[in-house]
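Take a look at this one; I'll ask things after.
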Amino acid sequence: MSGMSIGPLHDALAQVRRLQDIVLSRRFFQGYSGKARLLSGAAALLGAAVLSRDFVPATPQVHLLGWLAVLGVALALNYGALLHWILTEPRVRQKPVILKPALDALPALLAGGALTLALVHRGQHDLLFGVWMALFGVAHLAYRQSLPGENYLVGLFYLAGGCACLLAPRLPFTNPWPMGLMFFTGELVGGTVLMLMNDREKDL
């Protein structure tokens, strides 16, 4: 009698586990922080404000260092938040595969790094804004399955801005406002999307 009751119990538990896997697979990736993105956008706007001041030398080299500092702040904020999520989220230890979306943006970001080095080496600083925006947009598009559709639209926004900068007749690298305003707007919207998404996912 006990043997007959254990079999259906195991089947029921297996079905529950399968349902849990299905639910988890359909949830959006929650490792990114909306607040970190908002702060990154604020850092970009602040960076533009500082670089536009008269006491900052209007040279490509100085402005490149300024934007690298902004990048460092953004990376620390976003990947620091991701690391905190990894260390505190029990599901990561149970199902490490849920971290896979975190790798989706790496090809575009690595390509951006390589193109940056190539353009700086050739003195083509005026093309950097367009390249950075376009490839950051492509990185967003890679999350079309793991983040809400609004994030995809943010990617298209960055991509369109990047193409506009690349095709502009003359957009000097020493004018920081196109970069600062673009990334402030994009990260403001992108961060809000993530915050709303995480609020919805917590209710599931």
Side-chain angles (χ1 to χ4, degrees), residues 31-85 102 105-106 108-117 119-120 123-141 143 147-148 150-166 168 170-199:
Y32 293 130
S33 167
K35 292 180 181 178
R37 289 197 64 174
L38 292 176
L39 290 172
S40 297
L45 191 63
L46 178 62
V50 171
L51 289 172
S52 67
R53 300 297 297 271
D54 292 337
F55 64 81
V56 176
T59 64
Q61 292 77 15
V62 170
H63 278 246
L64 180 61
L65 290 175
W67 287 119
L68 287 177
V70 171
L71 174 63
V73 171
L75 289 176
L77 288 168
N78 287 279
Y79 284 95
L82 176 61
L83 180 60
H84 179 265
W85 180 78
L106 286 181
L109 296 180
L110 292 174
L115 284 171
T116 297
L117 291 175
L119 291 173
V120 170
Q124 300 293 323
H125 296 84
D126 290 350
L127 297 176
L128 288 175
F129 286 164
V131 168
W132 291 345
M133 292 177 194
L135 287 176
F136 196 53
V138 172
H140 278 69
L141 302 186
Y143 291 107
L147 289 178
E150 294 87 347
N151 185 75
Y152 190 87
L153 296 179
V154 173
L156 292 179
F157 168 73
Y158 276 119
L159 187 57
C163 291
C165 287
L166 289 171
R170 174 74 177 165
L171 183 63
F173 183 65
T174 51
N175 176 7
W177 287 113
M179 181 75 171
L181 291 172
M182 186 77 179
F183 274 82
F184 172 72
T185 304
E187 295 309 277
L188 176 65
V189 176
T192 303
V193 168
L194 290 183
M195 292 175 69
L196 293 174
M197 177 204 74
N198 286 328
D199 288 341

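Just so you know, these numbers use all the heavy atoms, side chains as well, and skip hydrogens, waters and symmetry mates.
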Going from CE on Met182 to SG on Cys165, what distance comes out if it is rounded to the nearest 0.5 angstrom?
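The SG atom of Cys165 is 7.0 Å from CE of Met182, to the nearest 0.5 Å.
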
Listed pairs under 3.5 Å, donor-acceptor, residues 50-64 side chains, sequence neighbours left out:
from, atom 1, to, atom 2, distance (Å)
Ser52, OG, Ala48, O, 3.3
Ser52, OG, Ala49, O, 2.8
Thr59, OG1, Val62, N, 3.3

Smallest separation among heavy atoms of Leu159 and Ala134, with atom names:
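Residues Leu159 and Ala134, closest heavy atoms: CD1-O, 3.6 Å.
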
Heavy-atom distance under 4.5 Å between the side chains of Met179 and Phe173, does that happen here?
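Counting from C-beta outward, Met179 and Phe173 never come under 4.5 Å.
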
For Leu119, side-chain contact (heavy atoms from CB on, under 4.5 Å) partners two or more places apart
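side-chain contact (heavy atoms from CB on, under 4.5 Å) list for Leu119, sorted by chain: Gln124, Leu127, Leu128, Val131.
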
Nearest-0.5 Å distance, CH2 of residue Trp85 to OH of residue Tyr79:
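Spacing of CH2 (Trp85) from OH (Tyr79) equals 13.5 Å.
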
Set of residues satisfying salt bridge (Lys or Arg N to Asp or Glu O under 4.0 Å) with respect to Arg170, sequence neighbours excluded
Asp126

Minimum-distance pair of heavy atoms, taken over all atoms of Gly130 and Leu166
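For Gly130 and Leu166, the tightest heavy-atom pair comes out as CA-CG, 3.7 Å.
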
For the CG atom of Leu141 and the CG atom of Asn151, what is their distance to the nearest 0.5 Å?
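So the gap between those two atoms works out to 8.5 Å.
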
Testing the basics here: between Ala111 and Leu135, what is the closest heavy-atom pair and its distance to 0.1 Å?
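That would be C-CD1, 3.8 Å.
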
Which residue pairs pass the side chain to side chain donor-acceptor pair (under 3.5 Å) test with at least one member in residues 108-117, sequence neighbours excluded?
Thr116-Trp132

Please list, one pair per line, the donor and acceptor atoms closer than 3.5 Å that link side chains of residues 69-78 to other protein atoms, with sequence neighbours excluded.
from, atom 1, to, atom 2, distance (Å)
Asn78, ND2, Ser40, OG, 2.8
Asn78, ND2, Ala74, O, 2.8

Residues 183-197 side chain polar contacts: donor-acceptor under 3.5 Å, at least two apart:
from, atom 1, to, atom 2, distance (Å)
Thr185, OG1, Leu181, O, 2.8
Glu187, OE1, Arg37, NE, 2.9
Glu187, OE1, Arg37, NH2, 3.4
Glu187, OE2, Arg37, NH2, 2.7
Glu187, OE2, Tyr158, OH, 2.7
Thr192, OG1, Leu188, O, 2.7

Give me the atom names and distance for the closest heavy-atom approach of Leu171 to Ala168.
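What the structure gives for the nearest pair is CB-CB, 4.3 Å.
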
